[in-house]
Amino acid sequence: SQKIEQNSEALNIQEGKTATLTCNYTNYSPAYLQWYRQDPGRGPVFLLLIRENEKEKRKERLKVTFDTTLKQSLFHITASQPADSATYLCAPSLGYKLSFGAGTTVTVRA
Amino acid sequence: DTGVSQDPRHKITKRGQNVTFRCDPISEHNRLYWYRQTLGQGPEFLTYFQNEAQLEKSRLLSDRFSAERPKGSFSTLEIQRTEQGDSAMYLCASSSRVGRGNEQFFGPGTRLTVL
């Protein structure tokens with residue numbers, strides 16, 4: 001069955017540093033992979049989508065890579081700010097429905 | 001605000017009672033999804049509508065769960081004879097055509113507590 005794993009440990013980093021989150025998946029080949037941000041008590045918010053034929057995508061301070069050979073995506077937040085503190089969810093997906101990892105909680109210290 | 005809205009935001013009920021949640025998607029979106037999320041986990045897919053047609057139901061959705069989307073606009077999710085294991089956040093999302101990669105817009109969720 002499909003399995004999606006994200007960093008099991010929460011990530012605590014100093015403001016200004018780069019946070020790197022990992023998403024690994026097994027037993028399927030997603031056509032695309034999405035990253036969402038979720039704040040406590042709120043619904044996820046879409047951040048980035050990368051397709052299987054794309055290696056890297058950037059949006060402002062965010063960068064996502066997608067390695068279909070390793071079955072892995074890396075999500076980077078550069079020049080991190082306390083406002084980046086949240087849980088980040090990856091969703092490697094085949095079609096219309098999303099399959100999410102458990103998320104990685106990031107805390108950025110001022 | 002033209003985002004996805006859900007009602008109620010919180011629901012506390014006793015075991016065995018029926019509950020119904022409502023989701024109003026973004027008006028031009030024809031696809032609507034329900035997910036369930038428990039503490040420390042990512043959202044799990046429950047069901048999906050394209051317009052008024054329910055196209056897929058997860059095996060997680062027991063016979064006690066039913067969802068509707070009359071006229072392809074708002075949707076309701078009903079849970080009959082609630083159990084304590086139904087306690088979770090129920091999230092609704094909507095999206096437009098699949099070809100754009102299916103970016104989904106989520107509502108704030110309905111938090112259900114079954115006592």
Side-chain angles (χ1 to χ4, degrees), chain A residues 1-11 21-25 28 30-54 57 59 62 64 66 73 75 86-106, chain B residues 1 3-7 9-10 21 23-26 29-51 53-61 88-111 113:
Chain A
S1 62
Q2 297 177 4
K3 190 174 181 182
I4 303 164
E5 291 186 332
Q6 297 189 240
N7 305 53
S8 56
E9 300 287 328
L11 205 57
L21 284 62
T22 304
C23 175
N24 295 294
Y25 57 91
Y28 72 119
Y32 58 93
L33 191 148
Q34 300 186 38
W35 283 89
Y36 286 77
R37 168 187 173 137
Q38 187 171 28
D39 292 290
R42 307 189 72 167
V45 175
F46 172 80
L47 295 175
L48 280 168
L49 179 150
I50 187 166
R51 301 184 189 281
E52 59 181 337
N53 60 348
E54 298 175 317
K57 185 163 276 189
K59 179 183 176 183
L62 306 179
V64 172
F66 192 8
S73 175
F75 178 83
T87 296
Y88 292 85
L89 301 161
C90 75
S93 300
L94 284 167
Y96 49 83
K97 65 181 181 184
L98 299 180
S99 301
F100 286 92
T104 299
T105 299
V106 175
Chain B
D1 190 307
V4 178
S5 62
Q6 292 187 246
D7 184 71
R9 295 292 308 278
H10 304 274
F21 310 142
C23 170
D24 286 272
I26 292 171
H29 286 178
N30 62 342
R31 291 177 169 82
L32 186 147
Y33 316 80
W34 285 97
Y35 294 85
R36 179 171 65 189
Q37 186 175 26
T38 54
L39 197 62
Q41 300 300 313
E44 293 178 294
F45 172 80
L46 292 179
T47 190
Y48 155 68
F49 290 85
Q50 182 169 316
N51 300 312
Q54 187 174 20
L55 297 186
E56 185 171 343
K57 290 173 60 173
S58 165
R59 285 174 298 210
L60 294 174
L61 217 61
M89 175 77 88
Y90 289 83
L91 293 162
C92 175
S94 68
S95 72
S96 58
R97 57 189 176 92
V98 172
R100 291 174 60 192
N102 202 38
E103 168 190 349
Q104 295 187 14
F105 295 81
F106 283 80
T110 295
R111 181 166 297 284
T113 303

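In what follows, chains carry the letters A, B, and so on, assigned in the order in which the sequence lines appear, proteins first and then strands, with residues in each chain numbered from 1. Because the structure is predicted, anything quoted here is derived from the model rather than measured.
Between Leu48(A) atom CG and Glu103(B) atom CD the span is 10.0 Å, to the nearest 0.5 Å. Separating the CD atom in Glu56(B) from the OH atom in Tyr96(A) is a distance of 3.5 Å, to the nearest 0.5 Å.
Heavy atoms only, all atoms of each residue included: Gly43(A) and Leu91(B) are closest at CA-CD2, 3.9 Å. Listed here is the closest heavy atom pair of Pro43(B) and Pro44(A): CG-CG, 4.1 Å.
The closest donor-acceptor contact from the side chain of Tyr36(A) to the backbone of Gln104(B) lies under 3.5 Å.
Side-chain contact between Phe45(B) and Lys97(A) is present, with at least one heavy-atom pair separated by less than 4.5 Å.
Contacts of Gln38(A) with chain B are made by side-chain atoms alone, with heavy-atom separations under 4.5 Å and no backbone atom involved. Only the backbone of Pro108(B) comes within contact range of chain A, with at least one heavy atom under 4.5 Å from a heavy atom of that chain. For Glu44(B), no part lies near chain A; criterion is any non-hydrogen pair under 4.5 Å. For Tyr35(B), the part lying near chain A is the side chain, with the backbone staying farther off; criterion is any non-hydrogen pair under 4.5 Å.
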